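Here's the structure, in structure tokens; my notes come after.
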Amino acid sequence: MTSFKYLSLILIALIFTSCASNKGNSGKIKKDISIEEIKRDGLTTVTNTFKEGPNIGYNNATKPRREMSSSSSKISFPNFPISIKFQNSDLREALIGLGNLANRNVVVDPNVQGILNFSVVNEPWNNVINTVIEMNGLVQSSDNDTEIIKISAGGTSGQIQMTEIFNIFYEKPSEMKKQLEAVIKGDPVAGGTTVTLIENDNNQTIIAKGSPSDLKTLENILEKIDVKKPQVLIEAFLVEVSPTFSSKLGTRLGLARSKTTASGATESIRGGIGTSAASVALGNDNSSATDFLISGTSGLGILRETSSGDLKFEIDALEKEGDSRTLSNPKLFTVSGKNAIIKQGTQFGVTETTTAASGTTTSSTKYYDANLQLDVTPIITGDGTVMMEVKITNDSVDLSVNPPKITKKEIDTNLILANGDIAVVGGILTETLSETNSRVPGLGKIPGIGALFRSRVQADDKQELLIFLAPRII
């Protein structure tokens, strides 16, 4: 009976302890923790922090070419229709009169001279004054903050000096400045005054000071040379291949293509004149893989109508057959005209000892690189082809000797490819001669019949480095 009482007391104590552990400071029972609620609370905190953060007022809108005055050489407002006739009128007075008609303040350079004979009916006011300015070889500049229109004589001395900020969009302002100065150095633009240029690479701007005609000429030049350039995706395959690789790849790619002739017939080998698959080889005149035909044994050529995905599929298939070994498959983006480099490799140190004139000997470690590197500069030409300056380096280091030895393989070439073509560059051959002797112990030394228990195997292993380059205009 006593043991039953003790057991009851223990159960009651456990119940109270459990209830107490599930209560918080407020006495309420806690709920199970919800991960979704924690995530939701975290997102709410981030949102509130973003809203309460400082606002720098950054405007992500497209900037005008000219920051301080109108980016357009023409007056855009007002545009209400007018009908007016000028006959033997003074040009300066006619321009001022047109300004008064539109309630615009027009300031005309004293060097503006001439007679105006002009008649229009129901034409927008801004078109009329723009036409008068253009026909008389004048230059105008409009201030964004006021309604003042400044008109000066284009290409004459004594013009008013103006300061303008030009936004540079796609090039470094320092590079743009060099080109502009090469044009205007020693010869004022359009016969005007000398132009002063100050570049700011951080803000992507050029500050220019000169006459209105000078600034307009600079604007026209920038509109032509500071333009958005297309991007180029370059994919490369660096492959070590056996002598049979070129023929097999040419056969695979050739037989995978078809062409309909003028007579309506379908050829299984595009452009091929070979009588069998065995006669199709990369860089051979029977090949359907290229129309860049050269003589020699090296597998060079241009693959047309072949995607990089198809090429990779065939290279992988031949690698499984033991005809190739892919060293690297780098891919990189760059802008037309801009250099791009991608490399991977090993850096190793060599201890070098030097002895001074006093006889003191010092040791230091000098580090060297052994890299697999692709260095390419693509340029998109006017007809849409891709011209490439290519330098490919494939270094291998032998650390088993002292000092270590670097074996270098390097290709430096220039190519012009249509968008979608794949260039095949090769010619670096490596030949390894080896001899293996084996014999049955004891029996192989017996004179005469010992030759039956001996063997000698000589191997001549040739490997070629092929580089496939596939540029794509993006």
Side-chain angles (χ1 to χ4, degrees), residues 227-241 245-246 249-254 256-259 269-272 280-296 298-315 318 324 326-343 372-394 409-428 464-474:
V227 295
K228 185 177 181 179
K229 297 178 177 60
Q231 294 186 96
V232 182
L233 169 63
I234 300 174
E235 184 172 7
F237 299 88
L238 282 75
V239 187
E240 280 189 347
V241 303
F245 175 86
S246 296
L249 181 63
T251 303
R252 287 172 178 269
L253 294 177
R257 299 293 179 267
S258 63
K259 176 185 177 181
I269 300 179
R270 180 179 61 82
V280 181
L282 201 62
N284 186 281
D285 59 355
N286 293 339
S287 175
S288 65
T290 174
D291 62 357
F292 175 54
L293 306 176
I294 64 170
S295 60
S298 179
L300 302 180
I302 295 178
L303 308 181
R304 299 194 184 279
E305 301 181 9
T306 301
S307 68
S308 57
D310 291 341
L311 176 63
K312 181 175 176 58
F313 177 82
E314 299 297 349
I315 290 176
L318 290 172
S324 66
T326 302
L327 302 178
S328 181
N329 178 209
K331 306 177 187 68
L332 50 85
F333 271 108
T334 186
V335 177
S336 175
K338 300 294 185 181
N339 176 251
I341 298 176
I342 185 170
K343 62 182 177 180
L372 177 61
Q373 177 174 303
L374 171 63
D375 186 335
V376 60
T377 303
I379 300 175
I380 300 176
T381 62
D383 60 355
T385 58
V386 182
M387 180 170 59
M388 294 192 299
E389 299 177 4
V390 182
K391 184 176 182 181
I392 300 172
T393 304
N394 182 23
K409 297 178 183 179
E410 187 172 288
I411 293 177
D412 193 343
T413 186
N414 295 275
L415 302 168
I416 297 180
L417 299 174
N419 182 37
D421 287 354
I422 300 177
V424 189
V425 183
I428 298 180
E464 181 178 7
L465 178 64
L466 287 184
I467 298 97
F468 298 82
L469 295 170
R472 299 291 184 270
I473 299 176
I474 305 300

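Computation of the quantities below employed the complete heavy-atom set of this structure, encompassing side-chain atoms and omitting hydrogens, waters and symmetry-equivalent molecules. Please read all numbers here as calculations on a predicted model, not as lab measurements.
- The side-chain heavy atoms of V390 and I411, taken from C-beta on, include no pair separated by under 4.5 Å.
- Among all heavy-atom pairs drawn from P471 and V232, the shortest one is CB-CG1, 4.2 Å.
- Atom-to-atom distance recorded for N394:CG and E410:CD is 10.5 Å, nearest 0.5 angstrom.
- Atom CG in N339 sits 4.5 Å away from atom CG in D375 (nearest 0.5 Å).
- Taken from OG1 in T377 to CD1 in I379, the straight-line distance is 7.0 Å, to the nearest 0.5 Å.
- Annotation for G384 and I473: closest pair O-CD1, 3.6 Å, computed over non-hydrogen atoms.
- Formation of a donor-acceptor pair under 3.5 Å by the N329 side chain with backbone atoms of L238 is not found in this model.
- Contact of the I341 side chain with the Q373 side chain is registered, since non-hydrogen atoms from C-beta on lie closer than 4.5 Å.
- Contact between N419 and R472 at its shortest, heavy atoms only, is OD1-CA, 3.4 Å.
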Inset, instruction - Apply side-chain contact (heavy atoms from CB on, under 4.5 Å) to the pair V376 and L332, showing each step before the final yes or no. - result: CA-CA 10 Å; V376 60; L332 50 85; 4.0 Å; yes
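- The heavy-atom pair separating L374 from A236 by the smallest distance is CD2-CB, 3.8 Å.
- We find the CD1-CE distance between I380 and M388 to be 11.5 Å, quoted to the nearest 0.5 Å.
- Going from atom CD1 of I416 over to atom CG of D383 covers 8.5 Å, rounded to the nearest 0.5 Å.
- Note that CG of D421 and OG1 of T385 are 10.0 Å apart. Values are rounded to the nearest 0.5 Å.
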